[in-house]
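These numbers were taken from a predicted model, which means no experiment stands behind them. We're numbering straight along the sequence, starting at 1.
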Amino acid sequence: MTLADSPAAVIRPEGPWTHRDVAANGARFHIAEMGEGPLVLLLHGFPQYWWAWRHQLPALADAGYRAVAMDLRGVGGSDRTPRGYDPANLALDVTGVIRSLGEPDAALVGHDLGGYLAWTAAVMRPKLIRRLVVSSMPHPRRWRAAMLGDVRQTAASSYIWGFQRPWLPERQLVADGGALVERLVRDWAGPKPPGPAGDAGALAVENYRRAMCVPSTAHCSVEPYRWLVRSLARPDGMQFYRRMKRPVRVPTLHLHGSLDPVMRTRSAAGSGEYVEAPYRWRLFDGLGHWPHEEDPETFTSELVHWLSDPEPDR
């Protein structure tokens, strides 16, 4: 393995950002940050890591924000702990990072699993969340209802059901250098592949493959999904979903790709019923599950304009 192929070169590539580690909620988390100003904390989804936000970090910094993309527990450069992958604890990771950065609050931007955690954090620690932006993920109670009551959403989420098997999903994710990761990223995209021309969308996918092959990452990546399904009928799961009845009371921007084959538009739409604050729904025509990578200019423009809008309820 050459230096360029090492995990560190993939997880901490050189760029306009700064890499460092912060302690929060009993673990260590890797972050990439840029800029100065109000904090915007970016949360990636599966099967990605902080690199998913490489387009948004410079744009947010240029717009006058302190932009920070963190690696979730068990992924990228963050600690791979044996436990702690339920959404309540993962959300405490997020809010703990906000505190560790010395900030009073943050605008929280989450995609996919990161979006699920963003919804959760806004309910659990509302004083720490200034604004909420969620992409490609319904509110947790909407997600639960769709998974249990919508046959099409159940079929679209077949990969989550497949994760319930022991050990086999981990082996599949790292087989052939992470080939399944590339297939998932491409299959879940719209007509435009992740990454614009010149950004080398292929490079992004290759980085996701290599990051997944870092030891223990595959196991840690699927553990949150195991909890989500296995807890549906367990007391801890029912307690969590009861807790999520509490309304979100911060301005919320909800973004979704019209061609998302994993989280159906019908499943995500209607999440506003859980928001008692200004709520804006934005559907991106022709985009799939990765709008922030498939069309980063449009996504970032929508994000920055909304964050800077003093009256987001208009």
[X]: what forms a side-chain contact (heavy atoms from CB on, under 4.5 Å) with it, not counting sequence neighbours?
{"X": "Ala61", "value": "Met34"}
{"X": "Ala59", "value": "Thr300"}
{"X": "Arg141", "value": "His139, Tyr241, Met244, Lys245, Tyr274"}
{"X": "Ser258", "value": "Leu283, Asp285"}

Which pairs pass salt bridge (Lys or Arg N to Asp or Glu O under 4.0 Å) with one or both residues in [range], sequence neighbours excluded?
{"range": "residues 150-166", "answer": "Asp150-Arg264"}
{"range": "residues 84-110", "answer": "Arg66-Glu103, Arg73-Asp93, Asp105-Arg130"}
{"range": "residues 218-239", "answer": "Glu170-Arg226, Glu223-Arg226, Arg234-Asp236"}
{"range": "residues 111-120", "answer": "none"}

Is the distance between the ring centroids of Tyr225 and Phe46 less than 6.0 Å?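 Yes, the ring of Tyr225 comes within the 6.0 Å limit of the ring of Phe46, centre to centre.
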
Does Thr154 have any side-chain hydrogen bond (donor to acceptor under 3.5 Å, both in side chains) partners at least two apart in sequence or in another chain, and if so, which?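 By the side-chain hydrogen bond (donor to acceptor under 3.5 Å, both in side chains) rule, Thr154 matches no residue at all.
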
Listing, residues 11-18 side-chain donor-acceptor contacts under 3.5 Å, not counting sequence neighbours, or none:
unit_1, atom_1, unit_2, atom_2, d
Arg12, NH2, Asp21, OD1, 2.8
Arg12, NH2, Asp21, OD2, 3.3
Trp17, NE1, Pro13, O, 3.0

Indicate the ring-plane relationship of Phe299 and Trp53, choosing parallel, tilted or perpendicular according to the 30° and 60° boundaries.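 Taking Trp53 first and then Phe299, their aromatic rings sit tilted (interplane angle of 30° to 60°).
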
Who else is in the cluster with Met124 when I, L, V, M, F, W and Y are joined by side-chain contacts under 4.5 Å?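 Members besides Met124, by chain and number: Leu92.
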
Can you list the residues that meet the ring-ring contact (aromatic ring centres under 6.0 Å, His included) rule with His111, with sequence neighbours excluded?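 For His111 the ring-ring contact (aromatic ring centres under 6.0 Å, His included) partners, ignoring immediate neighbours, are His289, Trp290, His292.
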
So with a 6.0 Å cut-off around CD of Glu273, is the heavy-atom count from everything else above 12?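 Above 12, so yes.
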
